[in-house]
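Below is one structure, written out as structure tokens; the observations come after it.
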Amino acid sequence: MPEKDVSALETLLKSKEFLYHTNLDRKTADLVFDGRTLKALYELMGRNSVEYIDFPISSGKESVVFKAFSKGKPVVIKVYKLSTLRFANIWKYIEGDYRFSRERIDRSNIVNIWAKKEFTNLKQLRKYKIPCPRPIAFHKNLLLMSYVGTKYAPAPMIKDVKIDFQAIYEQVVEDLTIMFSKAKLVHADMSEYNLLYHRRKAYFVDVGQAVAKDHPAADYFLERDVRNLVRFFSSKGVKCDLESLLKKIRGNPAPE
Ligand SMILES: Nc1ncnc2c1ncn2[C@@H]1O[C@H](COP(=O)(O)OP(=O)(O)OP(=O)(O)O)[C@@H](O)[C@H]1O
Ligand SMILES: [Mg+2]
């Protein structure tokens with residue numbers, strides 16, 4: 001790995017402008033973009049022809065998300081923070097999910113499994129035409145996916161837009177039903193923060209924690225998801241209630 005290029009990347013990611021947009025201070029940036037992550041980022045960019053990093057879209061507790069360009073097209077890189085991703089918090093979404101039962105998991109690699117899990121979940125959603133980013137690659141603690149947004153700005157969260165909430169509600173319910181009955185997944189972190197509004201549709205993001213529907217806690221996660229949606233959409237004047245919505249989503253198992 002050419003040292004020079006990694007240090008150029010490091011200089012960019014720890015530059016004043018980048019830090020300003022991510023709300024990271026220098027010390028936190030050192031934690032997020034540690035040596036291992038920088039090396040992984042450099043490798044991911046090389047393997048997937050990512051030409052340059054544009055700007056950070058979001059910086060939260062557990063990840064930093066930024067826009068980049070690959071072969072002239074906008075893409076998104078999600079960096080899971082090695083320092084703050086808590087083993088205990090994410091273990092419960094991995095243990096019990098048969099798809100990952102053969103992985104050897106420990107503290108040192110769980111974050112990599114997490115990136116792989118989000119990639120796998122996105123792939124599964126796309127298979128059933130549920131609006132979400134297209135997963136492109138995962139590598140170590142990084143996920144590369146398509147960008148949801150316009151030339152001017154990333155798509156906003158549905159909590160921040162004024163739209164026809166009735167129509168969006170109906171689409172979300174339709175897609176959640178497909179997610180459950182056909183993709184056989186439960187999102188497990190459903191809220192107005194993880195739905196982006198783009199081209200008159202709600203796009204599902206942040207699906208790392210989504211579990212297979214036969215996960216022992218799937219029922220509990222589904223109910224929590226639906227409760228969150230009912231709370232949000234009711235506040236926007238949409239008529240909905242927990243019991244009937246749960247019933248609709250659980251419905252009759254659809255044929256394969
Ligand atoms: N593919 C994408 N295209 C455009 N914007 C995206 C994309 N993926 C994520 N984002 C933006 O980044 C934000 C954070 O992403 P995400 O929800 O996946 O991370 P997170 O795990 O919630 O991070 P944290 O909980 O640490 O804030 C999203 O709310 C969304 O605004
Ligand atoms: Mg989120």
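Both counts, for ligands and for their atoms, begin at 1 and track the order of listing.
The proximity of P133 to ligand 1, defined as any non-hydrogen pair under 4.0 Å, is limited to the side chain. Counting heavy atoms closer than 4.0 Å to ligand 1, residue P156 contributes nothing at all. Contacts between V148 and ligand 1 below 4.0 angstrom, taking non-hydrogen atoms only, involve backbone and side chain alike. Only side-chain heavy atoms of M157 come within less than 4.0 Å of ligand 1; its backbone N, CA, C and O stay farther off.
Nearest heavy atoms, M145 versus I136: C-CD1, 3.6 Å. Contact between N109 and R104 at its shortest, heavy atoms only, is ND2-O, 2.7 Å. The two residues H198 and G149 have their closest heavy-atom pair at CE1-O, 3.3 Å.
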- Task: Would you check, one step at a time, whether the test side chain to side chain contact (heavy atoms under 4.5 Å, CB included) holds for H187 with F221?
- Result: CA-CA 8 Å; H187 187 288; F221 293 144; over 6 Å; no
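Among T177, L176, V173, the one residue that satisfies the side chain to side chain contact (heavy atoms under 4.5 Å, CB included) test with L245 is V173.
Taking every heavy atom of K78 and a limit of under 4.0 angstrom, the matching atoms of ligand 1 come to 16 (P), 18 (O), 19 (O), 21 (O). Using a 4.0 Å cut-off to heavy atoms of V65, the atoms of ligand 1 that qualify are 9 (C), 10 (N), 12 (O), 14 (C), 15 (O). Every atom of ligand 1 is numbered from 1 in the order shown, and the set under 4.0 Å from a heavy atom of Y193 is 29 (O). Residue N194 has at least one heavy-atom neighbour below 4.0 Å for each of these atoms of ligand 1: 17 (O). For ligand 1, the atoms lying closer than 4.0 Å to a non-hydrogen atom of M145 are 1 (N), 8 (N).
Protein heavy atom nearest atom 11 (C) of ligand 1, with residue, atom name and distance: I57 CG2, 3.8 Å. Regarding atom 7 (C) of ligand 1, its nearest protein heavy-atom neighbour is V76 CG1, 4.1 Å. In this structure, the protein non-hydrogen atom closest to atom 1 (N) of ligand 1 is S146 O, 2.9 Å. Protein heavy atom closest to atom 12 (O) of ligand 1, with residue, atom name and distance, is S58 CB, 3.5 Å. Of all protein heavy atoms, the one lying nearest to atom 27 (O) of ligand 1 is G60 CA, 3.3 Å.
Centred on the Mg ion (ligand 2), the OD2 atom of D206 and the OD1 atom of N194 lie at an angle of 90°, reported to 10°.
Taking 4.0 Å as the cut-off between side-chain N and carboxylate O, E43 and K39 count as a salt-bridged pair. Salt bridge annotation for K27-D25: absent, with no cationic side-chain nitrogen under 4.0 angstrom from a carboxylate oxygen.
Comparing V207, L196, V75 against atom 5 (N) of ligand 1, the shortest heavy-atom distance belongs to L196.
Between F33 and F66, the ring planes are tilted. Angles from 30° to 60° get that label.
Between the side chains of Y42 and D5, at least one donor N or O lies within less than 3.5 Å of an accepting N or O.
In this structure, atom 25 (O) of ligand 1 has its sub-4.0 angstrom surroundings free of protein heavy atoms.
In this structure, K73 fails the cation-pi test against Y147, since its NZ or CZ atom is not both closer than 6.0 Å to the six-membered ring centre and inside 45 degrees of the ring normal.
Crowding of R36 atom CZ: a count of heavy atoms from other residues, nucleotides or ligands under 6.0 Å not exceeding 12.
In terms of N/O distances under 3.5 Å, ligand 1 is approached by D206.
Ligand 1 lies within reach of S63, whose nearest heavy atom is under 4.0 Å from it.
Aromatic rings of H21 and F55 (six-membered ring for Trp) have centroids beyond the 6.0 Å cut-off, not under it.
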